[in-house]
Amino acid sequence: MKFKFDYVTPGREIIFGVGSLDRLSDVVERFHWQRLLLCASGSSRRSGRIESIEKMLGTRLVAIYGEVQAHVPDFQVDRVVALAEQSDIDAVIGLGGGSAVGMAKAVSFAFEEKTESKSPRVVLPTAQPRIPIIAIPTTYAGSEMTSVYGITHHENETARKITVQDPRIAPQVVLYDPLLTLDLPPDLTASTGINTLAHCVEAVYSITRNPLSTAAALEGINHIARTLPRCYARGDDLQARTEMLVGSYLAGTALANVATGLHHGLCHVLGGTLGISHGVANAIILPHAIRYNADACVHELALVAKRMGITDDDFDDVQLAAQAATQVSELIAEMNLPRHLREVGVKENDLTRVAELAAASRTVMNNPKPIDQDRLTVLLQAAW
Ligand code: NAD
């Protein structure tokens, strides 16, 4: 265990529990928000959730953008920011998966950028934004807990996902309601569930881990490993959905305060540039990232294996670290997720470009075991 760390706690309120969406109106009242914008994706309209929020907030909901696309494309951000300005909003709601929450963050941050003076200034870690965010997650992606979002820029027919980090974009209020996850289909349950497991794994071996992130991540693994297969098999199991969302909250808590590594960096390139859904990219890459890091993070990955349920006392830490990859692979196979890049349309000749972009990624460079473009290519070939 490393005992040198920085830890920042942004001011925020977490409301967790079955039916907590019903408290949205009280929250808005309590903070005196009068003009809200709702960002959501198509599934929230289809499920009738946008309509319920319209009923709850009445005239205080002044604008709705209900078509957020995956990976937060820049052209959509421009449209939603314009809508937010025209509507003179004082808060923004992100309802849905990581993309809808990411869009809410992008809107909030655009207001900071517009009012910022030209000279660079240091933002206090506890600074509050001009346009606060209420995040209401409906997948297990975890963006609601962090002060980071990804935006995909399109230039010269090339798409590239860039991450923006600023303490002011950590949502001020997070409403976790397990009822909102009951309709998450098995494939999205599985893929976003593996995404949240990946947050825990990369938090446990992060070069900036701290005692709290490690505790949250290990406890998160416990919940996820126990309940994700149950949520996949029976989406309407409210008990399992609730425990899984606790796991997701713990994973987000861990993720919020650590630098991630190879796994997250590669998934951003695969999503932003090749359009692979984030959860699916996670399912394909995670076992490879664990295997790559196994010899450099033996103790940490041994802890991961134990929290995934390996109890065999005959294993030493090196064997346990190898078991972490095996356990994760088996869970992914059990849930019928894609396991190879070629299954999701990646061409072999895409791999060099992905490796090149990943090698330039700050996140990949934060991996606990150094990796260069050549070794990234080898890893990608194994994942292909
Ligand atoms: P997503 O938000 O793109 O949603 C995927 C699909 O799931 C969409 O079609 C959406 O409509 C649908 N969906 C969402 N909730 C549903 C529900 N309850 N029932 C049925 N369908 C539902 O995918 P995601 O995996 O949640 O998020 C991925 C995005 O979030 C990526 O852009 C990723 O980079 C980002 N992310 C950011 C962070 C962070 O810390 N900033 C963390 C994790 C992920």
Side-chain angles (χ1 to χ4, degrees), residues 10 21 39-50 65-74 76-77 94-106 108-109 133 135-152 159-166 169-171 174 176-200 202-203 231 235-236 241 244-245 248-249 251-260 263-273 275-283 337 361 363:
L21 181 64
C39 300
S41 44
S43 61
S44 294
R45 193 175 290 285
R46 289 189 294 279
S47 64
R49 253 170 233 140
I50 293 187
Y65 188 84
E67 293 96 46
V68 177
Q69 288 173 13
H71 303 297
V72 194
D74 52 356
Q76 280 205 328
V77 172
L95 165 75
S99 301
V101 174
M103 180 61 84
K105 290 176 172 179
S108 174
F109 190 64
I133 301 165
I136 310 175
T138 64
T139 72
Y140 303 120
S143 174
E144 66 281 352
M145 291 302 295
T146 75
S147 51
V148 183
Y149 71 91
I151 175 166
T152 305
R160 197 165 173 188
K161 195 162 175 179
I162 307 288
T163 50
V164 178
Q165 176 147 27
D166 189 287
I169 55 174
V174 183
Y176 281 107
D177 187 342
L179 291 176
L180 305 183
T181 60
L182 291 180
D183 63 346
L184 191 62
D187 57 338
L188 283 167
T189 296
S191 62
T192 67
I194 294 297
N195 184 197
T196 203
L197 179 63
H199 299 331
C200 296
E202 288 230 304
C231 294
D236 62 352
R241 288 291 194 185
M244 181 61 202
L245 204 56
S248 184
Y249 159 63
T253 303
L255 178 71
N257 243 281
V258 296
T260 52
H263 171 79
H264 279 78
L266 253 183
C267 289
H268 275 153
V269 178
L270 289 165
T273 302
I276 300 174
S277 97
H278 191 61
V280 168
N282 269 265
L337 285 165
S361 144
T363 309

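Only heavy atoms go into these numbers, but all of them, side chains included; no hydrogens, no water, no symmetry mates. In listed order, ligands and their atoms are each counted from 1. Note that the structure is predicted; figures quoted are calculated from it, not measured.
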May I ask you to test the Val77-Val72 pair for a side-chain heavy-atom distance under 4.5 Å?
yes
With a 4.5 Å limit on heavy-atom distance, are the side chains of Ile136 and Leu21 in contact?
yes
[atom1]-[atom2] distance between [X] and [Y], expressed to the nearest 0.5 angstrom:
X: Asn282; Y: Leu337; atom1: CG; atom2: CG; answer: 10.0 Å
X: Thr181; Y: Leu188; atom1: OG1; atom2: CG; answer: 12.0 Å
X: His199; Y: His264; atom1: NE2; atom2: NE2; answer: 4.5 Å

Pick one of side chain, backbone, both or neither for how [X] approaches ligand 1, counting any non-hydrogen atom pair under 4.0 Å.
X: Val72; value: neither
X: Pro185; value: side chain
X: Leu188; value: side chain
X: His199; value: side chain
X: Asp183; value: both
X: Thr138; value: both

Describe, in one word, how the ring planes of Tyr249 and Tyr176 are oriented to each other, choosing from parallel (under 30°), tilted (30 to 60°) and perpendicular (over 60°).
perpendicular
For the pair Thr189 and Tyr140, evaluate side-chain contact (heavy atoms from CB on, under 4.5 Å) and give the outcome as yes or no after the intermediate values.
CA-CA 8 Å; Thr189 296; Tyr140 303 120; 4.1 Å; yes
For ligand 1, which atoms, with element, lie under 4.0 Å from some heavy atom of [X]?
X: Leu180; answer: 18 (N)
X: Arg49; answer: 18 (N)
X: Asn195; answer: 43 (C), 44 (C)
X: Val148; answer: 39 (C), 41 (N)
X: His71; answer: 32 (O)
X: His268; answer: 34 (O)
X: Thr139; answer: 14 (C), 15 (N), 26 (O)
X: Ser41; answer: 10 (C), 11 (O)

Mind checking whether [X] has a heavy atom under 4.0 Å from ligand 1?
X: Gln69; result: no
X: Glu67; result: no
X: Thr181; result: no
X: Gly102; result: no

Specify the protein heavy atom at minimum distance from [atom]: its residue, its atom name, and the distance to 0.1 Å.
atom: atom 12 (C) of ligand 1; answer: Ser43 OG, 3.6 Å
atom: atom 37 (C) of ligand 1; answer: Ser143 CB, 3.7 Å
atom: atom 2 (O) of ligand 1; answer: Ser99 N, 2.9 Å
atom: atom 25 (O) of ligand 1; answer: Thr192 CG2, 3.4 Å
atom: atom 32 (O) of ligand 1; answer: Lys161 NZ, 3.0 Å
atom: atom 4 (O) of ligand 1; answer: Gly97 CA, 4.5 Å
atom: atom 17 (C) of ligand 1; answer: Leu184 CD1, 3.5 Å

Assess whether side-chain contact (heavy atoms from CB on, under 4.5 Å) is satisfied between His278 and Cys267, documenting all intermediate values.
CA-CA 7 Å; His278 191 61; Cys267 289; 4.2 Å; yes
Could you check whether [Y] and [X], counting side-chain N and O atoms only, form a donor-acceptor pair closer than 3.5 Å?
X: Gln76; Y: Tyr65; value: yes
X: Ser143; Y: Lys105; value: yes
X: His263; Y: Glu202; value: no

Does the pair Arg241 and Asp236 meet the rule for a side-chain contact (heavy atoms from CB on, under 4.5 Å), with working shown?
CA-CA 8 Å; Arg241 288 291 194 185; Asp236 62 352; over 6 Å; no
If you compare all heavy atoms of [X] against all heavy atoms of [Y], which two are closest, and at what distance to 0.1 Å?
X: Gly94; Y: Val101; result: O-CG2, 3.9 Å
X: Ser99; Y: Gln69; result: CB-O, 3.6 Å
X: Asp166; Y: Phe109; result: OD2-CE1, 3.4 Å
X: Ser44; Y: Ser47; result: O-OG, 3.2 Å

Pair Thr138, Arg49 - check side-chain contact (heavy atoms from CB on, under 4.5 Å), show working.
CA-CA 11 Å; Thr138 64; Arg49 253 170 233 140; 3.9 Å; yes
Do protein heavy atoms approach atom 7 (O) of ligand 1 to less than 4.0 Å?
yes
Heavy-atom nearest neighbour of atom 28 (C) of ligand 1 within options Arg46, His278, Met103:
His278
Report the member of Ala141, Gly98, Ser147 with the shortest heavy-atom distance to atom 42 (C) of ligand 1.
Ala141
If you measure every N/O of Thr146 against every N/O of ligand 1, is any gap under 3.5 Å?
yes
